[in-house]
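Shown next, in structure tokens, is the structure this report addresses.
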Amino acid sequence: MERPARLLLLSELRVRNAACDVSMSRSLLTWKRRLSGPVYHPFRPSVSHSVLVSEIISVREEEEENSSKGTDDGSWKKIKEREGKDCRRAFTVLYVERCQQHRWRCAEVTFTCPEGALCQRWVGIIGEQLAAIASRPKRLLVYINPFSGKRQGERIYEQKVAPLFARAGVSTHVVVTERANYARDHLRTEAELQKIDGVVCVGGDGMFSEVIHGLIWRTQVDGGVDPTGPDEALLPCSLRIGVIPAGSTDCICFATVGANDPVTSALHIIVGDSQPMDVCSVHDNNTFLRYSVSLLGYGFYGDVLSDSERKRWMGPARYDLSGVKMFLTHHYYEGTVSYLPARGIMGTPRDAAKCRSGCVVCQQNGKLLSEKAERYEVDEASGSESDSEWRTIRGKFLAINAASMSCACPRSPKGLSPAAHLADGTTDLIVVRKCSRVDFLRHLLRHTSKDDQFDLTFVEVHRVRRFRFTPRHCQSDSDLDLRENGRRQIFGQICRDHPACGCVPAYSSWNCDGEILTHAAIDVRVHCQLIKLFARGIEEPTVFEDLANPCAI
């Protein structure tokens with residue numbers, strides 16, 4: 001039987017003129033209203049409230065409002081009475097309150113004490129417990145992209161996030177980016193990482209990508225590791241990353257928190273949550289290209305991104321228009337996909353269980369992969385990367401996708417791979433073979449339905465640790481250049497503008513977390529739990545129901 005937590009303090013205090021028994025342990029703050037009479041009322045709402053100490057934001061003393069101050073005539077007697085009595089007899093606790101759709105809000109409750117010494121004792125004990133939480137950040141480096149989404153990044157931070165940081169006593173150094181890749185370059189060269197506890201980016205997925213590129217690169221260089229080597233065992237980043245959504249899609253925030261809400265993300269940062277995340281490194285002929293944390297898409301999703309980039313003036317609506325256009329165009333591409341299956345781990349891409357807060361699959365697979373890391377590196381160094389384990393798929397494809405997370409967003413709540421995990425050291429490789437427009441539409445519609453989206457004859461899904469793709473008509477960039485300089489350059493524009501002519505393009509572009517990769521042949525490797533976020537994963541609905549507490553009695 002589990003022993004009850006030892007109480008640090010127990011007092012009778014008042015909340016909104018109601019007498020309450022208030023208790024404090026190392027893990028829980030509880031207040032329970034005292035019943036006014038012996039009669040039991042079975043339909044009376046709950047009068048007991050509990051708040052986890054780890055989810056208390058701050059505590060502050062309050063000036064007690066004197067109910068008789070309206071009759072205070074400023075006489076010498078009244079002044080002497082106030083001087084002889086400590087007026088600080090109330091304190092307010094700010095804490096996390098859960099709302100619907102995984103949103104968090106800052107709630108507060110004020111306790112009135114019978115004497116000032118007791119009030120100071122309560123404030124001191126709560127403050128000590130909060131200071132003892134080592135995972136909470138005290139100094140943050142904040143990057144704001146003023147051009148993300150609807151250009152509201154600065155306003156969102158100043159009005160919704162900065163006041164919360166100030167209440168929690170978190171100091172910040174704010175940098176407003178001036179150009180593309182400004183945050184990446186600043187992290188690589190100028191940022192003093194030893195003086196901060198985390199990095200926060202205010203913007204969209206592109207801003208997050210800049211931060212991880214700069215932070216991962218800096219970590220490898222400081223640790224003496226080559227960040228560009230395709231077979232290097234990269235060092236995990238010690239600093240956590242916070243994401244304040246202010247972009248067009250904010251897929252990363254939605255998949256790790258469950259809501260695209262700045263206040264919710266700020267509260268996760270304040271309480272010091274930590275969520276590890278896998279990162280994929282993308283290379284072409286041993287040349288480093290980019291890191292990816294969510295989606296790598298070739299074919300349909302690459303074409304949609306390439307076409308939408310020409311329509312940025314339309315805003316988010318450009319994705320819908322480009323998606324319809326590419327669906328009607330129905331381009332397919334020939335090539336070879338080779339992949340290294342993830343063996344001996346928990347979970348499959350078609351599991352019903354999804355990656356949630358405290359995911360057992362991520363924890364278990366992370367341990368297994370770390371134990372096998374040394375043996376895996378030896379196999380790679382010896383050149384015997386178990387060629388017999390590699391699998392190959394050849395043919396004509398409408399789409400080749402690699403999802404390192406569910407890739408869920410408000411438009412697609414299930415995502416591309418609902419059972420993909422954030423930190424299990426794998427990615428889900430989804431191959432959509434050439435099929436009719438009707439069948440491909442069935443596949444796309446299943447992203448928004450409850451049906452198994454992989455239960456189609458022309459769709460394959462594999463959980464892999466590494467994969468390579470080589471297009472048939474473009475074995476290398478030099479071949480691509482030769483073709484562009486030949487007759488395809490003459491008819492290329494005509495074919496792009498009039499796809500009904502039946503001329504199938506030889507290659508597509510890769511959609512790498514919303515950025516275009518023009519290299520068609522790539523080598524992708526998953527690095528298990530390379531970064532950490534100020535998040536805890538999406539919580540199950542039952543957690544919200546059990547811990548939901550109103551802020552007043």
Side-chain angles (χ1 to χ4, degrees), residues 51 54-60 92-109 130 136-177 182-183 196-211 240-275 315-316 409-410 533-539 544 548-552:
V51 175
S54 61
E55 295 182 0
I56 295 178
I57 300 170
S58 64
V59 59
R60 68 173 186 266
T92 298
V93 175
L94 281 71
Y95 62 93
V96 170
E97 182 181 42
R98 286 167 170 78
C99 304
Q100 294 182 350
Q101 298 178 343
H102 304 286
R103 294 174 181 264
W104 284 10
R105 286 295 176 265
C106 180
E108 64 180 48
V109 57
L130 297 182
R136 292 201 172 193
K138 296 178 177 59
R139 299 169 300 276
L140 295 173
L141 175 60
V142 181
Y143 292 102
I144 301 178
N145 184 354
F147 306 107
S148 291
K150 298 181 180 180
R151 300 174 180 263
Q152 298 294 312
E154 290 183 273
R155 183 190 64 81
I156 289 174
Y157 178 77
E158 293 173 359
Q159 296 183 6
K160 298 184 177 182
V161 179
L164 291 175
F165 285 166
R167 288 183 179 182
V170 179
S171 62
T172 59
H173 175 63
V174 179
V175 177
V176 180
T177 60
Y182 185 92
I196 60 175
D197 301 317
V199 181
V200 176
C201 57
V202 183
D205 293 337
M207 188 64 181
F208 176 78
S209 180
E210 283 192 36
V211 169
R240 286 167 290 174
I241 304 172
V243 184
I244 304 297
S248 300
T249 55
D250 301 309
C251 175
I252 304 299
C253 188
F254 193 87
T256 56
V257 176
N260 291 337
D261 178 58
V263 173
T264 302
S265 297
L267 293 176
H268 278 284
I269 296 172
I270 290 172
V271 301
D273 280 339
S274 182
Q275 170 63 54
C409 65
L533 270 60
F534 284 108
R536 63 175 61 178
I538 300 176
E539 293 179 313
F544 286 86
N549 294 312
C551 58

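Side chains are part of it too, since the values below use all heavy atoms of this structure and drop only hydrogens, waters and symmetry mates.
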Heavy-atom side-chain contact between Q152 and Q159 under 4.5 Å: no
Stepwise side chain to side chain contact (heavy atoms under 4.5 Å, CB included) check, T264 with V257: CA-CA 8 Å; T264 302; V257 176; 3.6 Å; yes
With R167 via side-chain hydrogen bond (donor to acceptor under 3.5 Å, both in side chains) - residues at least two apart: none
Exercise: identify the closest heavy-atom pair between A168 and I270: CB-CG2, 3.5 Å
Verdict with supporting geometry, L130 and R136, side chain to side chain contact (heavy atoms under 4.5 Å, CB included): CA-CA 9 Å; L130 297 182; R136 292 201 172 193; 4.0 Å; yes
Minimum heavy-atom distance A259-C253, with the two atoms named: O-SG, 3.5 Å
side-chain hydrogen bond (donor to acceptor under 3.5 Å, both in side chains) partners for D273, two or more places apart: H268, R536
Nearest atoms (heavy-atom pairs only) where L164 meets A266: CD1-CB, 4.0 Å
V243 vs S265 side-chain heavy atoms within contact, under 4.5 Å: no
V161 vs V200 side-chain heavy atoms within contact, under 4.5 Å: no
L140 and F165, any side-chain heavy atoms less than 4.5 Å apart: yes
Nearest non-hydrogen partners of A246 and G153, listed with the distance: CB-CA, 4.1 Å
Least distance between heavy atoms, W104 atom then V263 atom: O-CG1, 3.8 Å
Rounded distance (nearest 0.5 Å) linking atom CD of E55 with atom CG of L94: 13.5 Å
Spacing of D250 atom CG and D205 atom CG [to the nearest 0.5 Å]: 6.0 Å
Any residue meeting side-chain hydrogen bond (donor to acceptor under 3.5 Å, both in side chains) with R151, in chain and number order, not counting sequence neighbours: none
Test item: Y143 and L141 side chains (from C-beta on) under 4.5 Å apart, heavy atoms: yes
Heavy-atom check, side chain of D261 versus side chain of P245, under 4.5 Å: no
Side-chain touch E154/V176, heavy atoms, less than 4.5 angstrom: yes
Distance-minimising heavy-atom pair for C201 and F208: SG-CA, 3.8 Å
